[in-house]
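The next block holds one structure in the form of structure tokens; read it before the comments.
Every heavy atom of this structure was used, including side-chain atoms; hydrogens, water molecules and symmetry mates were not. Each chain gets a letter, A, B and so on, in the order the sequences are listed, and its residues count up from 1.
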Amino acid sequence: MKSALYLYNTLTRKKELFEPLSPPFAGMYVCGPTVYSETHLGHARPAVTFDTLYRYLMHLGYSVRYVRNITDVGHLENEEDDTGEDKISRKARQENLEPMEVVQKYMNSYHRTMERLNTLPPSIEPRATGHILEQQQMTERILEKGYAYEVNGSVYFDVEKYAREHHYGILSGRVLEEMRANSRALEGQDEKRGPFDFALWKKASPGHIMKWPSPWSEGFPGWHLECSVMSTRYLGETFDIHGGGMDLIFPHHECEIAQSTVSQGHPPVRYWVHNNMVTINGQKMARSLGNFITLDELFTGSHKLLVQAYSPMTIRFFMLQAQYRSTLDFSNEALLAASLGMQKLMNAERTLANLVPSETSSVDVSGMEKGCYDAMNDDLNTPVALAHLFDAVRIINLVSDGKERLTADDITALQRLFSTFVHDIFGLKAEESAGNEKLAGVLTLLLDMRQEAKARKEWEVSDRIRNRLSELGITVKDRKDGYDWEIST
RNA sequence: GGUCGGUUGGCCGAGUGGUUAGGCAUCGGUCUGCAAAACCGGGUACGGCGGUUCGAAUCCGCCACCGACCUCCA
């Protein structure tokens, strides 16, 4: 039951049983960010999606090597008009920094943000600039095989030639002839023989800062090359899972397939997994569209579209409420709902810890675990798994209210369910409370005194305490046999 | 223009032939000194038109609208 995981493979357009090449090992490569500006909500989607997949694979017992790269060179700002400027070089010029300062700054910021989202660090996080030599070697190999050509110190992949012998478009469903017929005029740019050829190596223009010597010129590697090189280097010539955003299917992943197929004689990846986009007002959220909200802005509420701050775990829960291949639309209403829903889930877990066991159970808790596994095995259907967890929430609250009963064994089973799915797999954790032990002590003192006031029916005193605390963001919940309190984040 | 995907109740979002998805919001009730929390119950749905079927949100056709990609993007 546990191990029958089905994943949607973009390559075959079907859900396929996941069977790694060499169990118990599983390899996964995911395209990471180009580190030239702040991390935004869109970046959280693949991060959370593949973190969840990583966690689930480990839970199923696989030894997973999870590789996620950092693109720190070679991502051109605008290839089409041939300004040919590297995103990072450009930012460095704008901010008057060394390119590596730009890289470091935004990489640090990315890591901080990922940590707050409680995504596990990848097993290896390689950087393009650390693999210049291998990228040159792969370029050479492709040249030797005759699928690339050099012009003025730059080397391009010969898509036309490749497409005569291989299926260029196998991943994206694109047909070269149709692309030719429908592409916009690409004139005057170029050194390229064919309009769809892409750079393996780019000669640096005068003044370009990030460049390395090579057999062809002082220059830098093309964007698509780094992922082929680093995935092969750390996962082998054939590996299990390659992940990334759907917007990378073409050309990026299509080009990776072409490069590796030529270089090693066979395709590199067995399961291509792609997450869908986060949208805002129905449109993709992207840096280039200028409609993005950074994760820091979400965490602090400092963006004009935000009516309040949303915690990292709210963002994570928000992502999990949708299946990863669906678009997910941003709105304050949706995030607020996620925030409240998550609090309900987390509160139930605390309630669970205090349940008093009975001799017999009056409800059946056996189906929920299976429901969660079935949902996860069905291409990571996290929203359905969450629905099962909310079934458990209802039961926990009923038992807490004394309306149903659970045995100690069943309570333990529920605790295991929460521990496994909420924490281990979904990566949700209790928010860092705004309080600390001293605050907790003060609150206990104050609320004990309020209980005593209530016992004396001094409602003015008890209400005053409750209202003042409420103003401070501390909610008091009276119970039959005491009280509970909660600090809103 | 081409390729692919989508259109589910106030909002988000599951669901591929018949059975309550779930969360949030809303209404009524229970509990409570009053609230809050929790629980119970209710209402609101499958873009339009046609077809297949005993039966369709789910299959087929046509139409409308939206989005992604078509070498900047997670």
When we call it a touch if two heavy atoms are under 4.0 Å apart, what does [X] touch: a base, just sugar-phosphate, or nothing?
{"X": "A:Asp197", "result": "base"}
{"X": "A:Thr279", "result": "nothing"}
{"X": "A:Lys457", "result": "nothing"}
{"X": "A:Met342", "result": "nothing"}
{"X": "A:Gly244", "result": "sugar-phosphate"}
{"X": "A:Ala334", "result": "sugar-phosphate"}
{"X": "A:Leu328", "result": "sugar-phosphate"}

Can you tell me which nucleotide in [options] comes closest to the side chain of [X]?
{"X": "A:Asp329", "options": "B:rG33, B:rC11, B:rG13", "result": "B:rG13"}
{"X": "A:Pro46", "options": "B:rA74, B:rC39, B:rG33", "result": "B:rA74"}
{"X": "A:Phe250", "options": "B:rC24, B:rA21, B:rC70", "result": "B:rC70"}
{"X": "A:Pro251", "options": "B:rC70, B:rC11, B:rG13", "result": "B:rC70"}
{"X": "A:Glu333", "options": "B:rC70, B:rA74, B:rC11", "result": "B:rC11"}

As an exercise, state the distance from CG of A:Leu428 to CZ of A:Phe317, rounded to the nearest 0.5 Å.
7.0 Å
Distance col, row A:Arg112:CZ vs A:Asp296:CG, nearest 0.5 angstrom, shows 7.0 Å
Report yes if a side-chain nitrogen or oxygen of [X] is closer than 4.0 Å to either non-bridging phosphate oxygen (OP1 or OP2) of [N]; otherwise report no.
{"X": "A:Asn397", "N": "B:rC39", "value": "yes"}
{"X": "A:Arg394", "N": "B:rA38", "value": "no"}
{"X": "A:Arg287", "N": "B:rA74", "value": "yes"}
{"X": "A:Asn467", "N": "B:rA36", "value": "no"}
{"X": "A:Ser326", "N": "B:rA14", "value": "yes"}
{"X": "A:Lys344", "N": "B:rA37", "value": "no"}

Side chain A:Arg466 and base B:rA36 donor-acceptor under 3.5 Å
no
Is any N or O donor-acceptor pair between the side chain of A:Asp478 and the base of B:rA35 shorter than 3.5 Å?
yes
For A:Ser154, enumerate each residue passing the side chain to side chain donor-acceptor pair (under 3.5 Å) test, keeping only those at least two apart in sequence or located in another chain.
none
Measure from NZ or CZ of A:Arg68 to the centre of the six-membered ring of A:Phe50, then state whether that distance is under 6.0 Å and the direction lies within 45° of the axis.
no
Can A:Arg193 be said to sit on top of A:Tyr149's aromatic six-ring, NZ or CZ under 6.0 Å from centre and within 45° of the ring axis?
yes
Can you check whether A:His388 and A:Phe421 have ring centres sitting under 6.0 Å from each other?
no
From CG of A:Asn276 across to C1' of B:rG6 the rounded distance in Å is 9 Å
In dot-bracket, 5' to 3', how would RNA chain B read with Watson-Crick or G-U wobble pairs under 3.5 Å, [ ] for crossing ones and | for pairs to another strand?
(((((((..(((.....[...))).(((((.......)))))....(((((..]....))))))))))))....
Within the 3.5 Å criterion, strictly below it, is a donor on A:Tyr156 or A:Glu191 matched to an acceptor on the partner's side chain?
yes
